[in-house]
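Everything below concerns the one structure shown next.
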Amino acid sequence: MRPEGGKLTIYVDCVSPYSWFGFTNIIRHRPLLNAYGVSVDIIPFFLGAARDGVGNPFTPTPKAKEAFAKQDSEMTGELLGLKVVRPKEFPILSLFAVRVATWIKDHYPPEKFEAAFPAFSTAYWSNGINISKPEGIIKALEGIFPEEEIKEIMKKAVTPENKQRVIDLTMGAGAFGAPWIVAVNSEGQRRDWFGNDRWDQVFYHLAVPFTPVKIVPPEEAKAKL
């Protein structure tokens, strides 16, 4: 099997730190995926509704898991060069931000969406800005769009057409978590994954050559110093 003709779709939610990690990884992997003939699509979706739709509603992190969850998100952020600080307001509803991101993706050049999505993540997970509110959206997107244009985007984001667009994308994913990764290989075989730590399986399914995680031998590590 050759990878040419494969397709990878990743669904990301605007207030999910692991969506931020998945987005960061797929942007880095995309040039070589494309070089092997695999197309990539990044779709914002409303995780809360997706989870409810498959019977996996949000539940608070158990106390016994809180320390690990903090360690896991912070270390993953460090490995990706991202600053992760748990927001004081958590959780928040992501729906408004997802609607805004969806409108931007559908009506602007790709580079605008690919700047806006991590801007939401950075605003919330690095700076504690509540992006469920209009003032938070404005703060997050400053520098990407003029303020008046952001206000116009927010108006367009809550039109019936865009609301329905978000519903269709969200409920069509079949996701129970985020990021949600769907990969169809060159033979038309589809597989789905939840999480940012399944890339070996994704690349294996797509028949894209990759190097698994390995320990660098001491002599090799010393040679690089």
Side-chain angles (χ1 to χ4, degrees), residues 10-27 42-52 57-61 69-70 72-74 76-77 80-171 173 175 177-180 196:
I10 181 169
Y11 293 82
V12 288
D13 183 273
C14 293
V15 299
S16 157
Y18 289 95
S19 285
W20 187 20
F21 304 153
F23 175 90
T24 302
N25 269 319
I26 203 58
I27 290 295
I42 304 168
I43 298 178
F45 81 133
F46 179 32
L47 176 59
R51 292 183 61 158
D52 288 345
F58 172 80
T59 55
T61 302
K70 182 175 184 294
D72 187 41
S73 60
E74 288 179 355
T76 303
L80 292 173
L82 307 174
K83 180 183 177 183
V84 179
V85 180
R86 184 182 175 89
K88 291 182 179 179
E89 293 182 82
F90 178 84
I92 60 172
L93 190 67
S94 67
L95 181 56
F96 185 40
V98 170
R99 287 171 173 168
V100 170
T102 300
W103 178 267
I104 293 171
K105 177 176 167 62
D106 286 350
H107 296 88
Y108 283 87
E111 57 267 23
K112 286 292 187 180
F113 167 68
E114 291 174 13
F117 182 85
F120 284 145
S121 301
T122 301
Y124 186 55
W125 281 99
S126 292
N127 302 319
I129 297 171
N130 186 342
I131 59 170
S132 69
K133 299 179 180 180
E135 56 268 29
I137 297 289
I138 291 171
K139 286 182 181 179
L141 295 181
E142 63 183 6
I144 300 172
F145 300 99
E147 184 171 332
E148 287 305 311
E149 190 169 359
I150 298 171
K151 291 178 179 178
E152 187 63 26
I153 290 170
M154 289 192 291
K155 290 179 183 177
K156 298 288 181 61
V158 293
T159 58
E161 295 79 10
N162 194 63
K163 287 182 177 180
Q164 188 60 49
R165 173 74 166 151
V166 172
I167 291 171
D168 293 343
L169 291 171
T170 294
M171 304 318 291
W180 187 256
N196 176 59

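The minimum heavy-atom distance linking Ala178 with Ser16 is given by the pair O-OG, 3.9 Å. What you find for Gly77 and Val84 is that their closest heavy atoms are CA-CG2, 4.0 Å. In terms of heavy-atom proximity, Pro179 sits nearest to Val12 at CB-CG1, 4.3 Å.
Looking at residues two or more places apart in sequence or on another chain, you find a ring pair (Phe, Tyr, Trp, His ring centres under 6.0 Å) between Phe21 and Tyr18. Scanning for salt bridge (Lys or Arg N to Asp or Glu O under 4.0 Å) contacts around Lys105 gives Asp41, with sequence neighbours left out. Scanning for salt bridge (Lys or Arg N to Asp or Glu O under 4.0 Å) contacts around Lys156 gives Glu152, with sequence neighbours left out. Arg51 is linked by a salt bridge (Lys or Arg N to Asp or Glu O under 4.0 Å) to nothing, counting only residues two or more places apart in sequence or in another chain. Looking at residues two or more places apart in sequence or on another chain, you find a side-chain contact (heavy atoms from CB on, under 4.5 Å) between Pro146 and Glu149. Contacts of Glu74 classified as salt bridge (Lys or Arg N to Asp or Glu O under 4.0 Å), with partners at least two apart in sequence or in another chain: Lys70. Listed by chain and residue number, Ile167, Asp168 satisfy the side-chain contact (heavy atoms from CB on, under 4.5 Å) test with Gln164 (two or more places apart in sequence, or in another chain). Listed by chain and residue number, Asp13 satisfy the side-chain hydrogen bond (donor to acceptor under 3.5 Å, both in side chains) test with Ser94 (two or more places apart in sequence, or in another chain). In this structure, the side-chain hydrogen bond (donor to acceptor under 3.5 Å, both in side chains) partners of Asn130, at least two apart in sequence or on a different chain, are Glu89, Ser132. Annotation: side-chain hydrogen bond (donor to acceptor under 3.5 Å, both in side chains) contacts of Lys151 (sequence neighbours excluded): Glu147. By the side-chain hydrogen bond (donor to acceptor under 3.5 Å, both in side chains) test, Asp52 is found to be paired with no residue, residues two or more places apart in sequence or in another chain being considered.
A donor-acceptor contact shorter than 3.5 Å is absent between the side chain of Trp125 and the backbone of Pro87. Ser126 places a side-chain N or O within 3.5 Å of a backbone atom of Lys83 that can act as its donor or acceptor partner. Within the 3.5 Å criterion, the main-chain N or O of Ala173 finds a donor-acceptor partner in the side chain of Trp180.
Atom CH2 of Trp20 is separated from atom CZ of Phe120 by 14.0 Å, given to the nearest 0.5 angstrom. Between the CD1 atom in Ile150 and the CD1 atom in Ile137 there is a gap of 9.0 Å [rounded to 0.5 Å]. The CD1 atom of Ile26 lies 7.0 Å from the CD1 atom of Ile42; values are rounded to the nearest 0.5 Å. In this structure, OG1 on Thr122 lies 7.0 Å from CG on Leu82, to the nearest 0.5 angstrom. Rounded to the nearest 0.5 Å, atoms SG (Cys14) and CG (Leu95) are 10.0 Å apart. Going from atom CD1 of Ile10 over to atom CG of Asn25 covers 8.0 Å, rounded to the nearest 0.5 Å.
With a 4.5 Å cut-off on side-chain heavy atoms, Phe46 and Arg99 do not count as touching. Looking at Phe23 and Ser121, their side chains never come closer than 4.5 Å, going by heavy atoms from C-beta outward. A heavy-atom distance below 4.5 Å is found between the side chains of Val100 and Leu141.
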Stepwise side chain to side chain contact (heavy atoms under 4.5 Å, CB included) test for Ile138 and Met154: CA-CA 9 Å; Ile138 291 171; Met154 289 192 291; 3.8 Å; yes

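Here the rule is ring-ring contact (aromatic ring centres under 6.0 Å, His included) with Tyr108, and of Phe117, Phe113, Trp103, Phe145 only Phe145 fits it.
Residue pairs meeting the salt bridge (Lys or Arg N to Asp or Glu O under 4.0 Å) criterion with at least one partner in residues 113-141, sequence neighbours excluded, are Arg30-Glu114.
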